[in-house]
Protein chains: 2
Amino acid sequence: MAGQPLPPINGYFFEDLEIGQRFASRRVTVTEDAIIRFALEWDPHAFHIDREEANESMFGGLIGSGLQTLLLTSRMLYDSGLFQGTALAGLGVGELRFLKPLLPGDTIGAVTEIVDKSVSRNPTRGKVRIRIQTLNQRGDLILSHTREMLLARRS
Amino acid sequence: MAGQPLPPINGYFFEDLEIGQRFASRRVTVTEDAIIRFALEWDPHAFHIDREEANESMFGGLIGSGLQTLLLTSRMLYDSGLFQGTALAGLGVGELRFLKPLLPGDTIGAVTEIVDKSVSRNPTRGKVRIRIQTLNQRGDLILSHTREMLLARRS
């Protein structure tokens, strides 16, 4: 966790990554309209789509679906180029916590840390575990989760 | 886990649920076009959007993003009505495994099981943990995960 996140480059292979390395994504701003459109398609609870009903919710106003935070984080991670062309498959997700709501107008970004890596029996692949932390413009951690994935090896 | 999943009804409150209860969702069929459109927006790895490149991947053909399986599962769960109007907030996701790929033309459905529940200090809420298993038309388990959520109490 020491030091600043590294600038992203395209397509790290398994051998290129070291445990503890961190990478920052670009950031994205989320409008109320984008929150409502996403929720209408995927997660249409009242507090994601209806301003008035949302005012009566435990959040006191409209909030984005946690799934939207997750998907925006995925897309930011993709766009960072970190695993473009080298990711072979996603294996799973762990320890996912929705820590704070996504609010209309928020600008969010993600920091990805390499937390574990291990070679596979298949010499063309390796397994990597990453922790992804999604933060808003106030520096609040709003989503934390880990992912396990197969990555191509150079050799 | 004994017996058949129960038919869904709308809006279970915390008190209505018992550990071990299971609920079946409706099913949904996923076209190749839907797979490509989803991936272009959220997870544009070549093996989700490009038929020719996908033929060279470890899956030997185009597959849907695991995130799409997750979001379709969420939407099927929402549509089952189980927590409509009673879900207060999602807390987290655990033990998520992408076990088999989502393939063009697949028809998938989900079974939700109540695995744990506990009262909150706030008497209007309770915490519920559910396990959701997503299966394809061949009966293969393709996605398994748990969710923890806050649910309204009647009292």
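Numbers restart at 1 for each chain; the letters A, B, ... are given by sequence-line order, proteins then strands.
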* To do: Select one option (side chain, backbone, both, neither) describing which atoms of B:E53 are under 4.5 Å from chain A's heavy atoms.
  => neither

* To do: Name the region of B:L77, side chain, backbone, both or neither, that has any atom closer than 4.5 Å to a heavy atom of chain A.
  => neither

* **Parallel, tilted or perpendicular, as decided by the 30° and 60° cut-offs, for the rings of A:F47 and A:H45** => parallel

* To do: Verify whether one side chain among A:T31 and A:D33 offers a donor that lies under 3.5 Å from an acceptor in the other.
  => no

* In terms of heavy-atom pairs under 4.5 Å with chain B, which of A:S74, A:P44, A:A46, A:P101 leads? -> A:P44

* Structure fact -> Bottom line for B:L72: the part with an atom under 4.5 Å from chain A's heavy atoms is both

* Among the options B:L71, B:L143, B:L99, pick out the one with the most heavy-atom pairs lying under 4.5 Å from chain A. => B:L71

* Looking at NE2 of A:H48 and OH of B:Y78, how far apart are the two atoms once the value is rounded to the nearest 0.5 Å? -> 10.0 Å

* Structure fact -> Okay, B:A87 and chain A: the region with an atom under 4.5 Å from a heavy atom over there is both

* Asked: Side-chain donor-acceptor pair under 3.5 Å between A:S120 and A:R153, yes or no?
  -> no

* Heavy-atom distances under 4.5 Å only: say whether B:L67 touches chain A with side chain, backbone, both or neither. => side chain

* Asked: Salt bridge between B:E18 and B:K117, side-chain N to carboxylate O under 4.0 Å?
  -> no

* **Residues A:R129 and A:E95 bridged, charged N to O under 4.0 Å** => yes

* Top contributor to chain A contacts, counting heavy-atom pairs under 4.5 Å, from B:T124, B:L96, B:T146, B:L88 -> B:L96

